[in-house]
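Numbers here are sequence positions counted from 1.
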Amino acid sequence: MNSADNISAASSPSQGDGFDGRPMVFYDGGCPLCRREIGHYRRLDKAGKVNWLDLHSHPEALERLGVTWEQAMERMHACDAEGRLTTGAYAFVTVWRALPGYRWLAKVVSAIPGVLPVMDFGYGIWARYRRRQPAACELPKDS
């Protein structure tokens with residue numbers, strides 16, 4: 001990942017990958033916490049500005065972009081409107097830019113130098129912690 005903007009150098013999505021110019025969000029539909037958060041965002045997305053992909057229903061979606069299942073379960077991933085793959089806090093900003101009620105937050109955290117890297121660092125800690133919680137998402141024991 002490019003540390004300046006956390007954008008992956010993986011291949012860009014195509015229409016065959018479900019990319020239609022809208023941001024794509026890849027989420028863990030097997031996780032109650034993730035489903036609840038994505039459900040909140042989806043309710044706000046009345047205009048269908050985001051393509052929401054449950055990785056349990058579409059496990060191949062990120063693989064075509066060079067992301068393994070294990071990597072996909074470790075951090076949230078999204079493709080922005082230009083097809084660039086982002087992860088962690090940067091992926092949340094990709095979502096927020098498309099949603100009413102969150103666009104302002106995306107602008108603020110993107111405009112203040114250093115905020116996004118700090119948010120992403122915190123997200124990384126939370127992502128590792130959440131897998132250890134019985135009520136939250138868990139990776140398979142062999143990963």
Participant: Restricting to non-hydrogen atoms, name the atom on Thr86 and the atom on Ala91 that form the minimum distance, rounded to 0.1 Å.
Facilitator: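 Reported closest heavy-atom pair: OG1-CA, 3.3 Å.
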Participant: From Phe92 CZ over to Met119 CE, what is the distance, rounded to the nearest 0.5 angstrom?
Facilitator: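 Phe92 atom CZ to Met119 atom CE measures 8.5 Å (nearest 0.5 Å).
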Participant: Can a donor-acceptor pair be found, under 3.5 Å and without considering hydrogens, that links the side chain of Arg75 to the backbone of Ala127?
Facilitator: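 Pair absent, no side-chain N/O of Arg75 close to backbone of Ala127.
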Participant: Can you tell me how far CH2 of Trp52 sits from OH of Tyr41, rounded to the nearest 0.5 angstrom?
Facilitator: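 Answer rounded to 0.5 Å: 8.0 Å.
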Participant: With a 3.5 Å distance limit and no angle check, can you tell me whether Arg36 reaches the backbone of Pro32 through a side-chain donor-acceptor pair?
Facilitator: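 No, because the side chain of Arg36 does not come within donor-acceptor range (under 3.5 Å) of the backbone of Pro32.
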Participant: Which atoms form the tightest heavy-atom contact between Cys79 and Gly83, and what is the distance?
Facilitator: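 Closest heavy-atom pair between Cys79 and Gly83: SG-O, 4.1 Å.
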Participant: Which atom names give the shortest non-hydrogen contact between Gly66 and Gln71, and what distance separates them?
Facilitator: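 Result for this residue pair: O-OE1, 3.9 Å.
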Participant: Looking only at non-hydrogen atoms, find the nearest pair between Val25 and Val50 and report the distance.
Facilitator: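 For Val25 versus Val50, the nearest heavy atoms are CG2-CG1, 3.5 Å.
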Participant: Say whether, by atom type as modelled, one donor and one acceptor occur between the side chain of Arg22 and the main chain of Ala81 under 3.5 angstrom.
Facilitator: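 Answer holds: no.
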Participant: If we only count heavy atoms from C-beta on, is the Trp96 to Trp104 side-chain gap below 4.5 Å?
Facilitator: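 When only atoms from C-beta onward are counted, Trp104 and Trp96 do not touch, as no gap falls below 4.5 Å.
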Participant: For the atom pair NE2 (His77) and CG (Leu65), what is the distance rounded to the nearest 0.5 Å?
Facilitator: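 So the gap between those two atoms works out to 9.5 Å.
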Participant: Return the minimal non-hydrogen interatomic distance between Pro100 and Leu44, and the atom names on each side.
Facilitator: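 Heavy atoms only, the tightest pair is CG-O, 3.5 Å.
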Participant: side-chain contact (heavy atoms from CB on, under 4.5 Å), that's the test. Do Met73 and Leu55 meet it? Break it down for me.
Facilitator: CA-CA 9 Å; Met73 292 296 111; Leu55 289 169; 3.7 Å; yes
Participant: Tell me whether Tyr123 contacts the main-chain N or O of Met76 through its side chain, where contact means a donor paired with an acceptor under 3.5 Å.
Facilitator: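 Yes; judged by distance alone, with no hydrogens or angles, the pair exists.
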Participant: Taking His58 for the side chain and Leu53 for the main chain, is one N or O donor matched with an acceptor at less than 3.5 Å?
Facilitator: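 No, His58 side chain to Leu53 backbone: no donor-acceptor pair under 3.5 Å.
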Participant: What's the separation between atom SG in Cys31 and atom CD1 in Ile38, rounded to the nearest 0.5 Å?
Facilitator: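 If we round to the nearest 0.5 Å, Cys31:SG and Ile38:CD1 are 10.0 Å apart.
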Participant: Report yes or no: do Leu116 and Leu105 belong to one cluster of Ile/Leu/Val/Met/Phe/Trp/Tyr joined by side chain heavy-atom distances under 4.5 Å?
Facilitator: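 Yes; Leu105 is reachable from Leu116 via cluster members.
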Participant: So Leu85 and Val67, do their side chains get closer than 4.5 Å, heavy atoms only?
Facilitator: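 Val67 reaches Leu85 side chain to side chain.
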Participant: Looking at NZ of Lys46 and CG of Leu99, how far apart are the two atoms once the value is rounded to the nearest 0.5 Å?
Facilitator: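 Spacing of NZ (Lys46) from CG (Leu99) equals 11.0 Å.
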Participant: I need the minimum non-hydrogen distance between Asp54 and Asp28, along with the two atoms involved.
Facilitator: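 In this case the closest contact between Asp54 and Asp28 is OD1-C, 4.3 Å.
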Participant: Look at the side chain of Thr94 and the backbone N and O of Tyr90, then say whether any donor-acceptor pair between them is shorter than 3.5 Å.
Facilitator: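 Confirmed, Thr94 side chain pairs with Tyr90 backbone.
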Participant: Charged N to carboxylate O under 4.0 angstrom, Lys49 versus Asp45?
Facilitator: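 The answer is no: the pair does not qualify as a salt bridge.
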